Amino acid sequence: MSYPIFGKLRFPSLKSAPQRSFNLSDIEVSIKLNSVLTKWGEQENFPNNINIFDQEQYQYEGDSIGYHSYFRTRWDIKGTVFRQSEKFHIYVNLAIAKGSKDLNYFIPEQLQETIILENHKRFDDDSYYLNVTALKECQHVSINDTNYLFYVNDIEYCATADSQDYVWITPITENHYLQFTFGVTNNTEVRDHLETVKDYCTSIMQTVQIDYPEWVKRKKAIAASVSKDINQSVAMEPLIWKREADTGSYLDFRREASEKAKQTKEQE
């Protein structure tokens with residue numbers, strides 16, 4: 001895995017990164033990714049063919065979304081070549097998520113509702129997370145003719161290093177979506193360079209190509225024909241959890257503020 005010679009921050013070179021391809025039940029996904037770094041510095045093998053309809057592929061927590069991580073890696077991000085310092089790490093996780101048959105993820109509103117619920121479920125954990133701002137900068141973006149829901153999660157952990165996650169999500173069937181997550185260690189050395197990190201992760205996403213078989217294209221066309229009111233995505237406000245010193249619990253401050261404003265209006 002090569003690094004550029006010059007630069008205050010040096011990321012793994014995309015020019016030398018191999019194009020990795022995955023067949024997900026005839027849905028072809030390719031992306032340029034550098035070598036996998038494990039604890040022992042070995043190349044880890046990941047399957048190129050995955051049956052996304054195999055229930056045993058997924059890990060569930062409760063009765064909601066099941067996840068299958070089909071590619072994971074970690075890269076060192078280096079400082080100047082003369083100091084040879086490692087500034088921080090980027091963690092990469094490509095995952096398939098499987099949801100309820102009652103939802104159609106090709107309808108943006110229904111995908112967004114799922115993402116909001118998943119973030120609520122993940123961060124309502126007073127033993128693992130401190131302050132969290134989820135769904136920052138949430139927006140719909142198009143890359144290589146594929147529509148993604150993009151957002152940023154700013155996470156302060158209880159016992160580990162803080163991180164900032166850049167997440168791109170796109171539906172691949174009515175009940176499955178792909179999730180591309182890039183997590184960067186958010187320490188004092190990187191805090192002023194987060195936009196540079198985000199640009200680097202974005203450049204990787206620009207190498208992603210997704211080719212759909214005809215049966216998926218038909219499903220997408222049907223969803224697109226749904227009335228505009230239903231198909232129109234709803235703007236998402238960031239979800240904010242902040243630790244309450246007295247009880248150690250977490251509050252969604254936007255929700256709390258909304259409820260207080262409503263109570264004040266009713267009293268008037």
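Every heavy atom of this structure was used, including side-chain atoms; hydrogens, water molecules and symmetry mates were not. These figures come from a predicted structure and were not determined experimentally.
The aromatic rings of F71 and F22 lie perpendicular to each other, with more than 60° between the two planes, well past the 30° mark. Note on ring orientation: taking the six-membered ring where Trp is involved, the planes of W75 and Y200 are perpendicular (angle over 60°, cut-offs 30° and 60°). Ring geometry for Y148 versus F180: interplanar angle over 60°, hence perpendicular rather than tilted (30 to 60°). Y70 and H68 have parallel rings, their planes meeting at less than 30° on a 0 to 90° scale where 60° marks the start of perpendicular.
Between T196 and F11 there is a side-chain heavy-atom pair separated by less than 4.5 Å. The side-chain heavy atoms of T185 and S163, taken from C-beta on, include no pair separated by under 4.5 Å. A heavy-atom distance below 4.5 Å is found between the side chains of I52 and I172. Side-chain contact between N153 and V132 is absent, with no heavy atoms from C-beta onward closer than 4.5 Å. Proximity of L149 to H140: side-chain heavy atoms (C-beta onward) are separated by under 4.5 Å at one or more points. Between Y166 and V197, the closest side-chain pair of non-hydrogen atoms falls below 4.5 Å. Residues E156 and W241 are not in side-chain contact: their nearest non-hydrogen atoms beyond the backbone lie 4.5 Å or more apart. The closest side-chain heavy-atom distance from T73 to N34 is not below 4.5 Å.
Contact between S2 and S16 at its shortest, heavy atoms only, is OG-OG, 2.8 Å. Of all non-hydrogen atoms in Q206 and I143, the two that sit nearest each other are CA-CG2, 3.7 Å. For S100 against N175, the heavy-atom pair with the smallest separation is O-ND2, 3.1 Å. The shortest non-hydrogen separation linking S203 to T207 is O-CG2, 3.5 Å. Nearest heavy atom pair, residue F123 against residue A134, reads CE1-CB, 3.8 Å.
Taking the ring centre of F106 as origin, the terminal cationic atom of K219 falls outside the region bounded by 6.0 Å and 45° from the ring axis.
The environment of N144 atom CG is dense: over 12 non-hydrogen atoms of other residues, nucleotides or ligands sit within 6.0 angstrom. Applying the 6.0 Å contact sphere to CD of E56 captures no more than 12 heavy atoms from other residues, nucleotides or ligands. Within a 6.0 Å sphere centred on CD of Q59, heavy atoms belonging to other residues, nucleotides or ligands number 12 at most.
Checked options Y67, F53, Y212; the residue passing with H176 is F53 (criterion: ring pair (Phe, Tyr, Trp, His ring centres under 6.0 Å)).
With values rounded to the nearest 0.5 angstrom, I115 atom CD1 is found 3.5 Å from I169 atom CD1. Interatomic distance, CD1 of I50 versus CD1 of I27, reported as 11.0 Å (0.5 Å rounding). Rounded to the nearest 0.5 angstrom, L103 CG and E109 CD are separated by 11.0 Å. Note that CG of L135 is 11.5 Å distant from CD of E118, once rounded to the nearest 0.5 Å. Distance CD1/I65 to CD1/I96: 13.5 Å, rounded to 0.5 Å. Between atom CD1 of residue I77 and atom CZ of residue R10 there is a gap of 10.0 Å, rounded to the nearest 0.5 Å.
Both V208 and V141 belong to a single network of hydrophobic side chains, linked directly or stepwise wherever heavy atoms of I, L, V, M, F, W or Y lie under 4.5 Å apart. In this structure, I204 is a member of the same hydrophobic cluster as V152, with clusters built from ILVMFWY side-chain heavy atoms closer than 4.5 Å. Hydrophobic clustering (ILVMFWY, side-chain heavy atoms < 4.5 Å, transitive): M236 and Y151 are in one cluster.
Residues forming a side-chain contact (heavy atoms from CB on, under 4.5 Å) with N48 (at least two apart in sequence, or on another chain): none. In terms of the ring-ring contact (aromatic ring centres under 6.0 Å, His included) criterion, residue partners of Y177 (sequence neighbours excluded) are, by chain and number, Y105.
A salt bridge is defined here as a Lys NZ or Arg NE, NH1 or NH2 lying under 4.0 Å from an Asp or Glu carboxylate O, and R122 with D124 fails to meet this definition.
Between the side chains of D165 and T181, not a single donor N or O lies within less than 3.5 Å of an accepting N or O. No side-chain donor from either of K198 and Q164 sits under 3.5 Å from a side-chain acceptor of the other. T170 and T146 share no side-chain donor-acceptor pair at under 3.5 Å.
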Test side chain to side chain contact (heavy atoms under 4.5 Å, CB included) applied to L178 and L94, step by step: CA-CA 7 Å; L178 290 185; L94 312 186; over 6 Å; no
